[in-house]
Participant: 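This is the structure, below, for whatever I ask next.
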Amino acid sequence: MSVTVSWKAAGHALVSPSEMAKADRLAVEGGVPSADLMEAAGRAVADLAAETMSARRASGPIVVLAGPGNNGGDGFVSARYLREWGFDCAVMPLGDPAALKGDAALMRDRFDGPVIEAAPDALADAAMIIDALFGAGLNKPLEGMAAELVDAANESRAIRIAVDLPSGLCGATGRVSGSCFRADATVTFFAPKPGHILAPGRFLCGGQDHLHVADIGIKDAILAKTGANTYLNDPGLWGLDYPHAGPTSHKYVRGHLLVLGGREPALGACRLASIAALRVGGGLVTLAAPSETYPIQAGALTDVLVRRIDSNFGFLGILADPRIAVTLLGPGAGIGEKTAELAIRALESGRNVVLDADALSSFAGRLDALAVQNKADVVLTPHEGEFARLFSDLDPNEDRLGAARKAAKRVGGIVVLKGVSTVIAAPDGRAAINANAPAWLSVGGTGDVLSGMIAGLMVQGMPAFEAACAAVWLHGEAAMGIGPGMIASDLLDAIPSVLP
Ligand SMILES: NC(=O)C1=CN([C@@H]2O[C@H](COP(=O)(O)OP(=O)(O)OC[C@H]3O[C@@H](n4cnc5c(N)ncnc54)[C@H](O)[C@@H]3O)[C@@H](O)[C@H]2O)[C@H](O)CC1
Ligand SMILES: [K+]
């Protein structure tokens, strides 16, 4: 009996379709017959289908849409098991099943149930439709009969289960062009793919609680040999690096962060960031407030040290304090030469630097000035608009993971590309995809809170990539606990409830 495990239990390692093919190849080279992999894959699909039919008390015909490759082969296996278990199950092949090759042809021959002609109308009465049309081998948008079958399936009242990937969804990028099967649940193999986690793929698979990762006999040890360095962002990825407060930790051990104060009209942004940094455990935060805002900031803040600065030199003068390990520039700082100049001086100071909002926009069109050989860690936290201004040649809509990775390599720092699927990328190629951000996070000020959380974890010594991943995940969890109607400052009180 093959075991389907939920995607969380499968850990956070993700494999691209090409890395998956390598895992497949390594398993076969290691002595696992490829037909056994297909048998286990199809069996896992049948397991989920049978469990779902009984859980939903569904009865009626099950139709397996079988494609021209190995995804279709999985479909024939699942249909065979379902018929053995007494279900009314037929296979509807796309094209001529005689053209199937290799293991798929073998599994076709082992199936002795009905093979029905491809006809979209014939799906209307199905109780369940299993999509085994295309999986990792999808290489163009669906067209013709494939698109018609998927559209008809989506319009039907049938329970829909996808094999490996919903047909039409790119496993590497999570992108869809044209028709795509909308699954209630998806069974994938060995490890999730980025397309299962990046939006809209996550939703087309049925949501993260309906993505099942089946063990089909490929040893976990093979994962390391695939070169996979893409991760689901969750505590399993950064928990070991998390700076838990201990009996000896005091405010200086937990670090001193310097935040550049903002200007009118966004005076609250730097306050949100400063408090957020304390909330995740930062020891001390100094807010360097331009003199015209000093009375307001000092009056509004209790837990944050507020110092008046009259110029950039004032800020750099405070930054010269060796106890300040991290500095955050951007929230409300104002876009322009002065902010850019400060950011460059901060990078040259050898401090760990978080650049957000205006500090990013101040480098639009002149990224080379930012890509200084900073001696320490730099973290950039652009939303899509800021990203487009900084990296106009990279298109996250085409390939979100790839764009974030190229940007990180280009600036030699961590890039947090914020959005419904925030991607955290490191210059060494690592990338994590975040999947817990609720829609109500897209409200003014939440980015300021996030940049403060990142800086607050870094100031405690957490490595930059892990700090960014942890902050993004905690930020999403805090928002999930608040719900619609949330405003950014609500996050500040919610952070303690989600800290590990
Ligand atoms: N360990 C594993 O990875 C296992 C994977 N299995 C299953 O195999 C598929 C991948 O099979 P593959 O034959 O490489 O590709 P597909 O079946 O996804 O596609 C078949 C074939 O179709 C052509 N094609 C692609 N896109 C289109 C399109 N839009 N229209 C028409 N034709 C298209 C292309 O030539 C493809 O090669 C994987 O998903 C798993 O389900 C194993 O069975 C178990 C182990
Ligand atoms: K599929």
Side-chain angles (χ1 to χ4, degrees), residues 2 15-30 32-46 48-49 64-78 92-97 99-108 118 129-150 153-154 160-172 175-183 185-193 195-196 201 204-206 211-219 222-223 226 228:
S2 71
V15 288
S16 66
S18 57
E19 287 158 350
M20 186 68 222
K22 185 171 181 185
D24 205 358
R25 207 171 40 253
L26 290 169
V28 171
E29 285 164 10
V32 180
S34 59
D36 289 6
L37 295 174
M38 185 171 283
E39 183 74 15
R43 170 63 190 263
V45 172
L48 180 69
V64 177
L65 303 176
N70 288 334
N71 198 242
D74 294 352
F76 273 99
V77 175
S78 65
M92 181 184 284
L94 180 73
D96 179 359
L100 287 168
K101 299 185 191 64
D103 294 336
L106 174 68
M107 300 309 178
R108 172 205 60 207
I129 298 171
I130 295 176
D131 162 23
L133 290 172
F134 302 107
L138 183 82
N139 58 21
K140 60 185 177 184
L142 301 185
E143 56 198 12
M145 178 57 78
E148 288 173 39
L149 290 173
V150 161
N154 288 341
R160 293 186 294 274
I161 287 182
V163 177
D164 198 19
L165 288 155
S167 294
L169 173 67
C170 171
R175 284 186 69 239
V176 171
S177 43
S179 299
C180 185
F181 189 79
R182 275 200 315 276
T186 298
V187 183
T188 189
F189 315 115
F190 183 56
K193 282 72 190 178
H196 289 126
L204 290 161
C205 290
L211 174 66
H212 300 265
V213 183
D215 171 1
I216 58 172
I218 301 178
K219 290 191 176 33
I222 283 185
L223 182 59
T226 62

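Note that ligands are numbered from 1 as they come in the structure, with each ligand's atoms numbered from 1 the same way. Heavy atoms only: backbone and side chains are in, while hydrogens, waters and symmetry mates are out. The chain is numbered in sequence order, starting from 1.
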Participant: May I ask you to identify the nearest protein heavy atom to atom 4 (C) of ligand 1, giving residue, atom name and distance to one decimal place in Å?
Facilitator: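 Looking at atom 4 (C) of ligand 1, the protein heavy atom closest to it is D24 OD2, 3.7 Å.
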Participant: Which of the numbered atoms in ligand 1 are below 4.0 angstrom from a heavy atom of L138?
Facilitator: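 Counting from 1, the qualifying ligand atoms are 18 (O), 25 (C), 26 (N), 29 (N).
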Participant: Atom 6 (N) of ligand 1: which protein heavy atom is closest, and how many Å away?
Facilitator: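 Among all protein heavy atoms, the one nearest atom 6 (N) of ligand 1 is D74 OD2, 3.7 Å.
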Participant: Below 4.0 angstrom from a heavy atom of G135, which ligand 1 atoms are there? Numbered from 1 as shown, please.
Facilitator: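 Answer, ordered by atom number: 16 (P), 18 (O), 39 (O).
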Participant: I'd like to know: is the K ion (ligand 2) within the 3.4 Å range of an N/O/S atom from F181, strictly under that distance?
Facilitator: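 So F181 does not bind the K ion (ligand 2) by this criterion.
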Participant: Would a 4.5 Å heavy-atom cut-off, applied to side chains only, mark I161 and L48 as touching?
Facilitator: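 They are in contact (side-chain heavy atoms under 4.5 Å apart), so the answer is yes.
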Participant: Taking it one step at a time, do I218 and F189 satisfy side chain to side chain contact (heavy atoms under 4.5 Å, CB included)?
Facilitator: CA-CA 9 Å; I218 301 178; F189 315 115; over 6 Å; no
Participant: Can you check whether A136 has an N/O within less than 3.5 Å of an N/O in ligand 1?
Facilitator: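 It does: an N or O of A136 is found under 3.5 Å from an N or O of ligand 1.
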Participant: Verify the distance criterion only: is there a donor paired with an acceptor across the side chains of T188 and K193 at less than 3.5 Å?
Facilitator: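 Result is yes, a qualifying pair exists.
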Participant: Give the atoms of ligand 1, by number and element, whose distance to some non-hydrogen atom of L142 is under 4.0 Å.
Facilitator: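 Counting from 1, the qualifying ligand atoms are 29 (N).
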Participant: Considering only non-hydrogen protein atoms, determine which one is nearest to atom 33 (C) of ligand 1 and report residue, atom name and distance to 0.1 Å.
Facilitator: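 Among all protein heavy atoms, the one nearest atom 33 (C) of ligand 1 is F134 CE2, 3.2 Å.
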Participant: For atom 29 (N) of ligand 1, which protein heavy atom lies nearest, and how many Å away is it?
Facilitator: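 Answer, as residue, atom name and distance: K140 O, 2.8 Å.
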Participant: Is it true that some N/O/S atom of F134, main chain or side chain, lies under 3.4 Å from the K ion (ligand 2)?
Facilitator: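 Looking at F134, which is the residue asked about, there is an N, O or S atom under 3.4 Å from the K ion (ligand 2).
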Participant: Report yes if some heavy atom in the side chain of M92 is under 4.5 Å from a heavy atom in the side chain of L149; otherwise report no.
Facilitator: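 When only atoms from C-beta onward are counted, L149 and M92 do touch, with a gap below 4.5 Å.
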Participant: Any N/O/S atom from D131 (main chain or side chain) under 3.4 Å of the K ion (ligand 2)?
Facilitator: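 Checking the K ion (ligand 2) against D131, an N, O or S atom does fall under 3.4 Å.
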Participant: Taking the side chain as everything from C-beta on, heavy atoms only, tell me whether F181 gets closer than 4.5 Å to L142.
Facilitator: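 Contact flag for F181/L142 side chains = no.
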Participant: Just distances here: any N/O of A41 and N/O of ligand 1 closer than 3.5 Å?
Facilitator: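 No; every N/O pair is 3.5 Å or more apart.
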Participant: Considering only the protein, which heavy-atom contact is closest to atom 8 (O) of ligand 1, and what is its distance?
Facilitator: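 Checked against all protein heavy atoms, atom 8 (O) of ligand 1 sits closest to N70 CB, 3.1 Å.
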Participant: Would you check whether F190 reaches within less than 4.0 Å of ligand 1, judged by its heavy atoms?
Facilitator: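 Judged by the 4.0 Å heavy-atom criterion, F190 does not count as contacting ligand 1.
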Participant: So, for L169 and C205, which heavy atoms are closest and what is the spacing to 0.1 Å?
Facilitator: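 For L169 and C205, the tightest heavy-atom pair comes out as CD2-SG, 4.1 Å.
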Participant: Mind checking whether V176 and C170 have side chains closer than 4.5 Å, heavy atoms only?
Facilitator: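 The answer is no; the side chains never approach within 4.5 Å.
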Participant: What's the spacing between H212 NE2 and H196 NE2 if we round to 0.5 Å?
Facilitator: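 The NE2 atom of H196 is 11.5 Å from NE2 of H212, to the nearest 0.5 Å.
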Participant: Just let me know how N71 lines up against ligand 1, side chain, backbone, both or neither, with a heavy-atom cut-off below 4.0 Å.
Facilitator: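 Both backbone and side chain.
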Participant: Could you check whether any side-chain heavy atom of L133 comes within less than 4.5 Å of a side-chain heavy atom of V150, counting everything from C-beta outward?
Facilitator: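 Yes, close enough: below the 4.5 Å cut-off.
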Participant: Is any side-chain heavy atom of I130 less than 4.5 Å from a side-chain heavy atom of V45?
Facilitator: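 In short, these two side chains touch, coming nearer than 4.5 Å.
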Participant: State whether the shortest distance between N or O atoms of I216 and N or O atoms of ligand 1 falls below 3.5 angstrom.
Facilitator: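 No; every N/O pair is 3.5 Å or more apart.
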Participant: Atom 36 (C) of ligand 1: which protein heavy atom is closest, and how many Å away?
Facilitator: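 The answer is G137 O, 3.6 Å.
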Participant: Which one holds for D164 and ligand 1: side chain close, backbone close, both close, or neither close, with close meaning a heavy atom under 4.0 Å?
Facilitator: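 The answer is the side chain of D164.
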Participant: Which atoms of ligand 1 are found less than 4.0 Å from any heavy atom of F189?
Facilitator: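 Listed by number with element: 40 (C), 41 (O).
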Participant: Is the closest heavy-atom distance from P141 to ligand 1 below 4.0 Å?
Facilitator: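 Contact check P141 vs ligand 1: positive.
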Participant: Which residue supplies the protein heavy atom nearest to atom 3 (O) of ligand 1, what is that atom called, and how far is it?
Facilitator: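 Of the protein heavy atoms, M20 CG, 3.4 Å lies nearest.
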Participant: Would you mind telling me if ligand 1 is within reach of the side chain of I218, the backbone, both or neither, using heavy atoms under 4.0 Å?
Facilitator: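 Only the side chain of I218 comes within reach of ligand 1.
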Participant: Measure the distance from atom 35 (O) of ligand 1 to every protein heavy atom, then report the residue, atom name and distance (to 0.1 Å) of the closest one.
Facilitator: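 Going atom by atom, the protein heavy atom closest to atom 35 (O) of ligand 1 ends up being N139 ND2, 3.9 Å.
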Participant: Measure the shortest side-chain to side-chain distance between P166 and T186 over non-hydrogen atoms and say whether it is less than 4.5 angstrom.
Facilitator: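 The answer is yes; the side chains approach within 4.5 Å.
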Participant: Could you establish whether P68 and ligand 1 come within less than 4.0 Å of each other, counting only heavy atoms on the residue side?
Facilitator: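 The answer is yes, since P68 has a heavy atom less than 4.0 Å from ligand 1.
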Participant: Do D24 and L37 pass the side chain to side chain contact (heavy atoms under 4.5 Å, CB included) test, and can you show the C-alpha distance, the side-chain angles, and the key distance before you say yes or no?
Facilitator: CA-CA 8 Å; D24 205 358; L37 295 174; 2.8 Å; yes
Participant: Using a distance threshold of 3.4 Å, state whether an N, O or S atom of V163 lies below it from the K ion (ligand 2).
Facilitator: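 Short answer: yes, at least one N, O or S atom is under the cut-off.
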